[in-house]
Each structure stands twice: as C-alpha cells, then as structure tokens.
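Here is the structure we will look at, set down as structure tokens.
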Amino acid sequence: MAEAVDEMAMDEVLDAATARATAIRTAETDLLELAYQWAVLHHPDRLDPLTTTLPGREKGRMFGGPGTPKVSEFAAATFGARIGRSSYAGAQLIADALDLHHRHPQLWARVEAGEVRASYARHVVTKTRDLEPDEAAFVDAGVVESADGRIPWSRFETLVEAKVAQAAPATAREKEAKAAKARFAKKTRGQAHGMATFMVRADIATIDAIDAAISARADRLAQTRPDDPLLEADDERRVHALLALAVGVSPEDDATTSSRDLLPAVGLHVHCYGGRDGEGIARVEGHGPVSEAWLRDLLGPRATFKVQPVLDLAGQAPVDAYEIPERHRQAVALITPADTFPWGSSTTRTMQIDHTQPYDPGGPPGQSRIGNYGPMTTVHHRLKTHAGWQVRQPFPGIYLWRDPHGGHYLVDHTGTRHLPKPDLTDPEPQGRSPLVVELWHSPFRIDYDPAAGTVR
C-alpha cells in the first residue's frame with residue numbers, strides 16, 4: 001500500500017478498507033466483462049469444420065444456459081490459466097458471463113453499475129442455468145432488487161431458490177421426484193486429520209432400520225467387550241457395529257472379532273517423511289497428511305502394514321516402447337502426484353500418462369523414461385495435443401508450459417506459477433545457477449531452486 005498503514009487513524013483505516021473493497025468489486029466485474037469478450041472472440045465459427053469431426057479435436061460447446069452462443073471448448077483453459085485458476089474455473093467464469101449478458105440483463109446492469117456484487121450475480125445464474133430463457137428472465141426480475149446485499153446471504157439463497165421454483169414449477173417437481181429416488185451410500189469428499197465420512201441417503205424407514213440395527217449391535221458390544229480400549233465410547237462401538245454388518249460378521253462372533261479382523265483388503269498408499277522435533281509426517285494418498293503418531297495410535301491397531309522398499313525414482317531404466325511399464329507409473333505417481341497442467345487439480349492414479357516429448361517409433365532409444373512423462377486428465381491431454389499448448393520437462397517433475405498466446409507457467413511439486421516474460425539482459429543471479437532452457441527457439445532463464453520450489 002502506498003500509505004503507511006501503521007500511521008493511519010481509525011477513520012483513515014475505514015476509508016482505505018472501503019476503497020479497497022470497492023476496487024475488488026470493480027475488478028470482479030471487469031473480469032466478467034473480459035470473460036465475455038474472450039467468449040465472443042472464440043465463437044466456433046473460427047474452427048476449421050474439416051477438423052472438428054476428428055477424434056480429440058476442438059469443437060463448439062454450450063458453456064452457458066439455453067439461448068447463449070456456443071464457444072470453442074478449449075478457450076476456457078487458456079483464460080483460466082492466465083488468471084491463475086483451473087480449466088474448470090475458467091469455464092464457469094465464461095458460462096456466468098454469457099448468462100448474465102444474454103439471460104439476466106437486469107442483474108447485469110446492476111453489476112455494471114457497481115450496485116450488485118459479482119458473487120451474488122454468479123450465484124443466480126448458476127442456479128438458473130438449466131432454465132429456458134423466459135424462465136431465467138422471470139428469476140432475473142424477481143431477485144434483481146434484493147441482489148445488492150440488502151438481505152443476508154442465507155435469505156438471498158432462499159429467495160433465489162423460491163424464484164427458480166416459481167419460474168419452472170414442472171422442473172421443480174421433476175427435481176423433487178428425482179431427489180426422492182436419489183438413494184446412495186458413498187464416501188464424501190471432505191476429509192481431514194486422517195478422518196473421512198460415509199453417508200447413506202434413503203427413505204426414512206430404511207434409515208431408521210439401519211439405525212436400529214447399529215444401535216442393537218453397539219449395545220451388545222458394550223455388554224460383551226466392556227474392557228476393549230478401542231470400543232470405550234458409544235460412537236466407537238457404533239462404527240465397529242456398522243463395519244461388522246457391512247462385512248457380514250454374525251452377532252455371535254462380536255465377542256471375539258477385533259477391528260483389525262473386520263477390515264477387508266483395502267490398499268492405502270502411505271508415504272512417510274521427516275518432520276520437526278523428531279515427529280514425522282505421513283501422506284495417505286487420496287486423504288492428505290497425517291502424523292506418524294496417528295498412524296501408530298489410530299491406524300496401527302486396525303490395519304496391517306506392508307513396508308515397501310524406497311523406490312529409486314531416478315534410476316528407473318528406460319524402455320524402447322510406447323507402452324509405459326508399471327514401475328514407471330509408480331515412479332511418476334510419486335514424483336508428480338497431481339495433474340501437470342497449470343492449476344490442474346486431479347490427483348487420481350488413473351490419469352493418462354503423457355509423453356512430454358511425443359513418442360516417435362523411429363526415434364532414438366529410451367524415449368519412454370522418467371523425465372519424459374506427465375500425468376494429465378483426458379481434457380488437458382487433448383489441449384496439449386490439439387490446442388497449441390506446449391510443455392517441456394527440463395528436470396523430472398519440473399514442467400514448463402506455454403499457452404497458445406505466449407504465456408509461460410512453471411508446474412512442480414509445490415504447484416503452479418505464472419511466469420513473467422524473462423528479461424535476458426539481467427545479469428545471472430548470484431549464488432545459484434539459473435535454469436536456462438531452450439524453449440521454443442528462444443532461451444528462457446529462470447532462477448529456480450528445485451529443492452525449495454522457489455522461482456524468480
């Protein structure tokens with residue numbers, strides 16, 4: 001900040017905070033304007049009709065709701081990357097901008113005037129995306145007055161939900177009927193500190209029956225195993241009872257069946273690292289970081305561990321084939337556990353493994369090797385192959401991307417950085433050798449420390 005904050009009086013702090021908040025709202029509106037213009041510039045008419053029918057090539061896509069124009073589908077990835085967001089977030093911003101311009105003119109007018117926050121407007125268009133244009137216009141007129149923050153957010157959400165139901169009562173009834181049939185039993189995404197949640201959704205009678213069965217089983221455990229340290233609390237007994245029911249253990253065997261015996265063969269990939277003060281940290285793939293104490297005290301009594309030797313990531317022998325051997329896949333998952341595309345979020349082991357430098361059957365030996373692989377989702381793989389995105393991997397696990405418009409991004413184990421255009425007239429940094437890479441016919445110099453993940 002230009003002003004010395006520590007010298008401000010109370011009124012000056014409030015005035016400055018108000019100015020910054022206004023600037024943020026203006027910038028969010030400007031970003032929607034730019035997203036809309038980007039969509040206009042990427043109308044599908046610009047695509048070659050002779051290539052759009054080929055496998056994997058770019059096609060027109062409906063980002064917004066009915067009545068909005070189509071946009072070439074790869075446009076969102078470049079826009080998202082330039083603003084430091086994922087391809088999905090870029091697509092959502094474009095969709096919201098299209099809907100505001102074409103389906104919610106009253107709401108958009110108030111956003112442009114600085115009277116409505118972009119976040120309020122984007123919530124409305126998200127909730128009305130599957131409505132017809134006239135139905136969306138009904139919601140637009142019904143919520144535009146209250147969208148300026150005059151009512152709390154929870155009341156605004158309720159208002160929008162009610163107007164959507166009024167605008168399309170038949171659609172609302174269909175959604176209610178669909179929700180009534182939406183029975184599921186699944187693990188939820190939210191998980192932290194080594195814990196996760198399994199949720200069951202069904203009719204009231206079914207849920208009451210499940211609850212009664214678990215309660216009866218838990219009460220029996222309290223009587224038969226009162227001294228079991230793993231079953232001291234009622235909630236612990238209920239979890240044990242649910243697991244026993246799930247794997248088919250009879251109630252008669254509860255007295256002699258341990259938690260370890262109940263667990264089916266489920267593979268968890270656990271990676272252990274050093275930590276401060278002698279306490280190590282482990283990473284459970286798909287779940288996140290936990291302490292070694294958690295592994296020892298909570299998981300230890302319930303699971304069987306198989307200790308695997310440390311995999312020599314750099315010493316994997318290359319192969320002279322397009323097919324990637326399993327040992328290479330394991331090494332890639334350890335070196336690069338996430339999607340290598342800028343701001344990619346996927347961490348699944350089922351991603352496609354791309355050859356950074358495309359495999360050439362007539363090329364030199366050893367093209368399939370550590371340092372020439374990068375996991376990507378199908379969409380991002382298509383972008384690299386057909387949309388003008390280019391990538392180099394100067395070191396294993398270090399990816400330098402260039403978008404079709406000359407923007408550069410560095411992706412490594414710490415995440416993604418948008419790199420400024422290099423000034424090659426500057427002297428080399430002192431103390432460390434810069435990373436100098438021949439990128440697309442021009443040297444690109446970066447002061448990069450692979451160990452710390454820092455870049456200038």
Side-chain angles (χ1 to χ4, degrees), residues 154 157-158 161 172-272 279-307 345-350:
S154 58
E157 285 184 304
T158 302
E161 184 179 356
R173 287 193 296 272
E174 289 176 5
K175 290 181 177 179
E176 290 173 346
K178 185 177 180 180
K181 298 178 181 179
R183 301 161 65 92
F184 61 77
K186 62 183 180 182
K187 182 177 72 174
T188 61
R189 295 185 62 181
Q191 43 202 358
H193 308 297
M195 307 301 284
T197 302
F198 190 88
M199 181 181 293
V200 178
R201 178 184 174 88
D203 58 85
I204 296 174
T206 299
I207 295 299
D208 283 350
I210 294 174
D211 181 62
I214 293 174
S215 296
R217 195 83 174 237
D219 292 342
R220 183 185 179 93
L221 284 169
Q223 298 172 4
T224 58
R225 299 169 66 171
D227 300 324
D228 191 328
L230 297 178
L231 300 175
E232 292 179 345
D234 183 60
D235 284 339
E236 293 172 336
R237 292 191 292 270
R238 288 177 65 84
V239 172
H240 183 100
L242 176 61
L243 185 56
L245 287 167
V247 299
V249 174
S250 66
E252 292 74 20
D253 293 332
D254 274 349
T256 57
T257 304
S258 68
S259 296
R260 186 192 298 269
D261 296 332
L262 286 176
L263 293 175
V266 176
L268 292 176
H269 296 274
V270 181
H271 308 276
C272 296
E279 179 61 44
I281 296 296
R283 177 174 63 86
V284 183
E285 286 189 19
H287 296 271
V290 295
S291 67
E292 287 187 355
W294 183 91
L295 291 177
R296 180 177 61 251
D297 301 336
L298 192 64
L299 197 60
R302 296 173 171 84
T304 300
F305 290 86
K306 179 181 179 182
V307 179
S345 59
S346 177
T347 57
T348 175
R349 286 197 175 211
T350 60

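Only a predicted model underlies this, so the values are computations on that prediction, with no experimental measurement involved. Quick note: residue numbers are just sequence positions, from 1.
Summarising the geometry of E236 relative to P229, their closest heavy-atom pair is OE1-O, 4.4 Å, with the distance given to 0.1 Å. The minimum heavy-atom distance linking A218 with A241 is given by the pair N-CB, 4.0 Å. Of all non-hydrogen atoms in A182 and R201, the two that sit nearest each other are O-CD, 3.2 Å. Nearest heavy atoms, I207 versus A202: CG1-O, 3.8 Å.
In this structure the side chain of E232 never reaches within 4.5 angstrom of the side chain of R225, judged on heavy atoms. When side chains are defined from C-beta on, L245 does not count as touching H240, because their heavy atoms never get closer than 4.5 Å.
Rounding to the nearest 0.5 angstrom, the gap separating the CD1 atom in I210 from the OG atom in S215 is 11.5 Å. With values rounded to the nearest 0.5 angstrom, T197 atom OG1 is found 12.5 Å from K186 atom NZ. Atoms OG1 and CG, on T224 and D219 in that order, are 10.5 Å from each other to the nearest 0.5 Å.
For the residue pair T350/T348, the side-chain donor-acceptor check at 3.5 Å is satisfied.
Between R183 and D203, at least one side-chain nitrogen of the basic residue sits less than 4.0 Å from a carboxylate oxygen of the acidic one, meeting the salt-bridge criterion. Ion pairing between R238 and D211 holds under the 4.0 Å rule for side-chain N and carboxylate O.
With hydrogens and angles disregarded, no donor-acceptor distance shorter than 3.5 Å links the side chain of Q223 to the backbone of R220.
Surrounding CD of E157 are more than 12 heavy atoms belonging to other residues, nucleotides or ligands, all under 6.0 Å away.
Among L242, L221, D228, the one residue that satisfies the side chain to side chain contact (heavy atoms under 4.5 Å, CB included) test with R237 is L221.
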